[in-house]
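Just so it is clear: chains get the letters A, B, ... in the order the sequence lines come, proteins before strands, and each one is counted from 1.
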Amino acid sequence: MDYRATLNLPQTSFSMKANLTQREPVYLKRWEKEDLYAQLEEQAAGKPLYVLHDGPPYANGHIHLGTAFNKILKDVILRSRRMAGFNAPYIPGWDCHGLPIEHNVDLELGEKKKTIPKLSKRGACRKYAEKWIKTQKAEFKRLGVLGDWDKPYLTMDYAYEATIAREFNRFLLSGSVIRNKKPVYWCATCTTALAEAEVEYHDHRSPSVYVKFPVVDDFSEISPALAAGDVSVVIWTTTPWTLPANLAVAFHPDFVYAAVKVEDETWILAQDRVVPFMAEVGIDRYEIAGTFSARGLENRRCRHPFLDRDSLLVLADYVTTEAGTGCVHTAPGHGADDYQTGLRYGLDIFSPVDNEGVYTSEAGPYAGQQIPAVNKVINQDMRNLGVLIHQSDINHSYPHCWRCKKPVMYRATPQWFISMEINDLRAKSLDNIKKVVWTPAWGMQRIYAMIEGRPDWCLSRQRSWGVPITIISCSDCGEIIKSEKLVQRIDELFRQEGADAWFRHGVETFLEPGTTCGKCGSASFTKEEDILDVWFDSGVSHAAVCEQREELRSPADLYLEGSDQHRGWFHSALLTSVGTRGRAPYHGVLTHGYVVDGQGRKMSKSVGNVVAPGEVIEKFGAEILRLWVASEDYRDDVKVSDEILRQVADAYRKIRNTIRYMLGNLYDFDPASDRVPRSDLPELDRWALGRYDELVGRIVGAYERFEFHSVYQALNLFCGTTMSAFYLDIIKDRLYASGADSQPRRAAQTVLYEILDGMLRLMSPILCFTAAEAWESLYALSDSAPLTRSVFFAEFPSAGDGGEESGLDERWARLIRLRSEITKALEIARRDKIIGHPLEAEVQLQVGGELAAFIEQERQALKEISIVSALQVVDGTLEGAFVSDEIEGLSIRVIQAPGSKCERCWTRSKTVGELRAHPEICGRCADVVAQMDAGQEG
RNA sequence: AGUCCCGUAGCUCAGUUGGUUAGAGCGCUACACUGAUAAUGUAGAGGUCCGCGGUUCAACUCCGCGCGGGACUACCA
């Protein structure tokens with residue numbers, strides 16, 4: 001007879017195969033249609049607020065794996081905060097202005113870009129940004145990221161643009177905004193100044209030239225060796241085009257300089273550089289006529305090598321002897337160090353180059369020539385004049401524009417700055433950095449050093465797509481109008497029309513009729529045309545979003561971005577908040593590393609190791625991508641490769657199958673009526689609940705510390721080892737063979753139910769699709785069941801209220817150690833063909849002392865967890881037994897268990913055949929079957 | 001070039017204030033089961049803890065010097 005029908009075999013509609021690629025969109029559709037996010041928010045009203053403020057991705061191009069990683073991480077945090085009892089709103093945002101978008105729009109416009117009106121171009125940029133926001137929004141949603149996608153914040157929203165202007169005006173009215181002629185990175189191709197963040201360094205080939213600057217004064221008192229006629233200072237430069245702007249030559253105050261005789265000339269250079277210099281220029285006949293300190297040279301003069309003016313000799317401690325001559329060509333309008341030196345010596349910040357990189361009339365004979373092509377002309381002219389000692393080429397790292405990839409120049413132009421010193425912005429910022437919790441901790445050190453050393457914030461961008469620098473100044477004397485009225489007027493118009501208002505209306509629209517300059521009385525005014533650095537836009541999101549959205553607040557609890565944002569958003573947000581509010585916009589900052597390939601190399605198109613999120617979703621599903629995010633310790637760079645993703649998918653399958661098995665055994669369990677009180681549960685079951693309590697504690701703690709990889713590891717271990725390989729395997733007999741409503745089976749189901757219910761809650765922040773699906777299955781929810789019954793409205797289980805049972809854990813740890821030895825013995829017996837399935841076995845243990853008593857006492861438990869048909873302690877030595885390495889004095893012999901195999905429960909038992917009506921089954925099964933028979937009759 | 005971070009099994013991660021034979025999960029190999037079945041169970045093989053020196057009775061752990069990867073800063077006239 002086939003007893004299969006008399007068993008309680010698992011039943012579930014929760015399929016083994018996840019089919020994530022097909023199933024996920026179905027869930028997403030429902031969540032969107034019924035607005036899961038809004039329902040969650042509604043439910044969370046009144047709970048403590050947790051604000052994770054979204055750093056806006058740039059609205060350009062498809063999302064990449066790094067962006068996906070960041071968004072998933074945020075989603076996991078928010079979901080876990082919600083389940084921990086918080087109200088955790090999520091308002092995603094986009095950064096919409098700026099050069100990259102304008103650059104791409106320019107490419108689309110082609111020749112038209114030169115003639116198109118500014119407002120039309122701004123309109124085109126807006127449309128371009130809108131297009132990508134739409135695309136990215138869909139891509140983010142597909143990841144399962146939950147948020148207010150219908151009302152995100154955009155830095156190009158009119159209200160947001162108004163806030164940007166308002167925040168800028170706060171700086172302006174406070175006196176922190178200054179205008180300076182200062183060297184900045186300048187791209188002549190894009191015709192704009194660039195922030196430090198907008199330059200990247202690549203190798204570049206430059207000319208390397210040594211040039212003589214003849215001295216004009218009498219230097220004989222410094223050194224007799226300098227008395228003779230033809231004396232020159234020798235400088236080195238790799239940018240000959242800056243020579244027309246040369247105003248000085250710098251020496252190190254502490255270096256020893258040498259007067260070197262070469263034929264009938266005398267050259268001045270650092271003593272340490274003489275040998276390498278002579279070697280490089282190929283001169284072997286020379287003589288050091290004397291040495292001296294450069295201090296005596298200060299404020300003396302030499303002659304510009306080819307222009308009709310002098311060049312001042314100055315001292316500067318950044319001069320090195322690593323390269324060059326120790327005499328540094330100094331052009332205050334074309335270098336950062338040079339600029340500082342120029343200020344110290346009262347030199348003009350001279351920069352005779354226009355926006356397109358063409359010399360102005362101030363460059364004398366070179367006016368109208370293009371930089372850097374002019375290098376060749378200058379070098380040739382110097383050769384003709386006999387001032388060029390040597391020319392070669394040098395390959396070195398040189399700053400390039402991040403958009404057009406062309407070499408940039410350092411050029412002084414009038415720019416608007418936020419001063420780091422006025423109103424103590426630097427000091428206050430440094431102070432506030434210390435009040436923020438930086439994770440990992442080195443983030444503090446990094447941003448501290450940056451703020452400490454950064455120059456004033458150059459705000460000006462000579463572009464179209466952005467928010468204007470809302471400054472109106474007197475056309476005659478340059479005085480800036482600073483008035484609350486003007487600020488309000490700007491705010492009003494920007495709210496109505498966006499920042500376009502600035503370019504649409506004449507200056508008079510912003511001013512009250514009859515306004516005159518407070519300084520000179522003029523009635524003629526000029527609007528600033530430059531726009532603000534985009535970092536200012538996203539930087540003020542604390543004011544535009546956190547302070548204004550009802551569901552948020554400022555400071556936010558957390559900013560979470562990649563580690564590059566220390567110099568980006570974390571930085572600009574800090575300055576804009578400290579400058580206007582005197583405090584940081586965040587309580588905590590969490591950073592993650594970059595997504596790199598399996599070998600730890602950066603992803604790049606040229607290497608061809610870029611992994612697109614779309615590909616992963618198509619192949620594995622978003623759920624696997626989410627699980628991958630959780631599996632990686634993001635404090636360092638996070639690796640991704642096909643192997644890694646396959647591994648994550650394997651782990652997923654294990655988790656899914658464990659859930660499926662648990663569900664399958666709960667098909668007839670109603671917690672309301674079938675639950676067995678904890679005190680009535682067998683020890684094994686109480687032990688399992690103890691392990692589960694441990695898991696709850698571990699996972700809830702890991703979420704709190706944002707250590708999601710620990711959640712992943714703990715979940716794997718629990719599903720794979722604690723549940724699947726141990727507990728579930730052992731209780732199989734009870735679940736299948738005991739009476740459906742018997743206490744042993746109901747006890748096991750009670751445990752399964754509690755653990756599964758909790759496990760689904762615990763995993764739902766990461767595995768949102770699977771947790772939702774399994775939860776529906778567990779609670780038999782139909783498609784029409786309200787979303788509020790979904791797992792997302794549940795909270796995390798609380799850990800360990802079961803209370804410690806004295807000695808239970810220790811005893812069971814000991815039993816598990818013994819079991820592990822028994823399975824080894826079983827494995828040997830299987831190999832020797834004594835048994836196949838463990839239930840065919842009888843285990844005989846030989847051991848002395850206290851352990852023997854322990855085993856005797858726990859014989860039933862040990863038999864049960866070893867899943868064998870019989871187990872006993874025997875005396876005397878065991879022939880051919882397995883001798884344990886792990887447990888001293890333990891020998892184990894495995895023989896075929898006595899009796900016959902019960903056709904129902906597969907245990908070998910001497911009781912098989914005792915019941916005449918069912919000769920093939922054991923006593924226990926006979927009872928169960930008899931009861932079933934009786935039940936059917938009654 | 002400087003500063004910082006990282007380097008433990010094929011992969012993802014643990015590894016307490018230095019203290020027995022360095023762990024887990026996955027993967028891999030073999031076997032078993034066929035009532036979790038495109039599953040499940042069991043066992044096994046995998047490590048120069050990046051390398052070299054040093055401190056110490058004792059170093060994966062502390063120190064120094066390298067190598068590899070990454071980030072940041074500076075680019076140097």
Asker: Who passes side chain to side chain contact (heavy atoms under 4.5 Å, CB included) against A/Val209, sequence neighbours left out?
Answerer: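 Listed in chain order: A/Val211, A/Thr237, A/Pro240, A/Asn379, A/Leu388, A/Gln391.
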Asker: Can you tell me if the side-chain N/O atoms of A/Tyr661 get under 4.0 Å from OP1 or OP2 in B/G41?
Answerer: no
Asker: Does A/Thr721 put a side-chain nitrogen or oxygen below 4.0 Å from OP1 or OP2 of B/G25?
Answerer: yes
Asker: Using only heavy-atom distances, decide whether a donor-acceptor pair under 3.5 angstrom links the side-chain of A/Gln11 to the base of B/G35.
Answerer: no
Asker: Is A/Tyr594 stacked on the base of B/G70, meaning ring centres closer than 5.5 Å and planes within 30 degrees of each other?
Answerer: no
Asker: Measuring from the side chain of A/Leu7 (C-beta onward, heavy atoms only), which nucleotide among B/G35, B/C26, B/C31 has the closest atom?
Answerer: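 Shortest atom-to-atom distance from the side chain points to B/G35.
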Asker: What integer distance in Å separates A/His334:NE2 from B/C75:C1'?
Answerer: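 About 18 Å, once rounded to whole Å.
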Asker: Hey, is the side chain of A/Lys732 poking within less than 4.0 Å of OP1 or OP2 on B/A36, counting only N and O atoms?
Answerer: yes
Asker: Could you work out the separation of B/A22 and B/G46 based on their C1' atoms and round it to a whole Å?
Answerer: 14 Å
Asker: Record whether the side chain of A/Thr823 comes under 3.5 Å of the base of B/A43 through a donor-acceptor pair of N or O atoms.
Answerer: no
Asker: Taking atom P in both B/U16 and B/U29, what distance in whole Å separates the two?
Answerer: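 Per the computed distance, 34 Å lies between those P atoms.
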Asker: Is A/Ser710 near enough to B/A14 that one of its side-chain N or O atoms lies under 4.0 angstrom from OP1 or OP2?
Answerer: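 Answer no for this pair, as no side-chain N or O of A/Ser710 is under 4.0 Å from OP1 or OP2.
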Asker: Quick one: is B/A32 close enough that its OP1 or OP2 comes under 4.0 Å of any side-chain N or O from A/Lys833?
Answerer: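 For B/A32, OP1 or OP2 has a side-chain N or O of A/Lys833 closer than 4.0 Å.
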Asker: Evaluate whether atom CZ of A/Arg656 has more than 12 neighbouring non-hydrogen atoms of other residues, nucleotides or ligands under 6.0 angstrom away.
Answerer: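 For A/Arg656, atom CZ is crowded (more than 12 foreign heavy atoms under 6.0 Å).
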Asker: Just to confirm, is there a sub-4.0 Å distance from OP1 or OP2 of B/A32 to any side-chain nitrogen or oxygen of A/Arg831?
Answerer: no
Asker: Taking CZ from A/Phe69 and C1' from B/U12, how many angstroms apart are they, rounded to a whole number?
Answerer: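 Distance, rounded to whole Å: 13 Å.
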Asker: Can you tell me which nucleotide in B/U34, B/A36, B/U12 comes closest to the side chain of A/Pro10?
Answerer: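 For A/Pro10, the side-chain atoms sit closest to B/A36.
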Asker: Would you indicate, yes or no, if B/C76 has its OP1 or OP2 atom less than 4.0 angstrom from a side-chain nitrogen or oxygen of A/Thr238?
Answerer: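 For A/Thr238, the contact criterion (side-chain N or O under 4.0 Å from OP1 or OP2 of B/C76) is not met.
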Asker: Quick one: is A/Arg4 getting a side-chain N or O under 4.0 Å of the B/G35 phosphate, OP1 or OP2?
Answerer: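 Yes, A/Arg4 has a side-chain N/O under 4.0 Å of OP1/OP2 on B/G35.
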Asker: Could you state the atom-to-atom distance from CD of A/Gln713 to P of B/C13 in whole Å?
Answerer: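 Going from A/Gln713 (CD) to B/C13 (P), I get 7 Å.
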Asker: Ignoring hydrogens and angles, does a donor from either the side chain of A/Gln445 or the base of B/U3 sit under 3.5 Å from an acceptor on the other?
Answerer: no
Asker: OP1 or OP2 of B/U37 sitting under 4.0 Å from any side-chain N/O of A/Arg660?
Answerer: yes
Asker: Does a side-chain N or O from A/Tyr712 land closer than 4.0 Å to OP1 or OP2 of B/C26, or not?
Answerer: no
Asker: Between B/A36 and B/A30, how far is it from one C1' atom to the other, in whole Å?
Answerer: 23 Å
Asker: Rounded to whole angstroms, how far apart are CG on A/Leu9 and C1' on B/U37?
Answerer: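 Rounded to whole Å, this separation is 13 Å.
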Asker: Between A/Lys17 and B/A39, is there a contact of a side-chain N or O with OP1 or OP2 at under 4.0 Å?
Answerer: no
Asker: Could you work out which one of B/G25, B/A43, B/C13 sits closest to the side chain of A/His709?
Answerer: B/C13
Asker: What is the distance, rounded to the nearest whole Å, between atom CD of A/Glu840 and atom C1' of B/U34?
Answerer: 13 Å
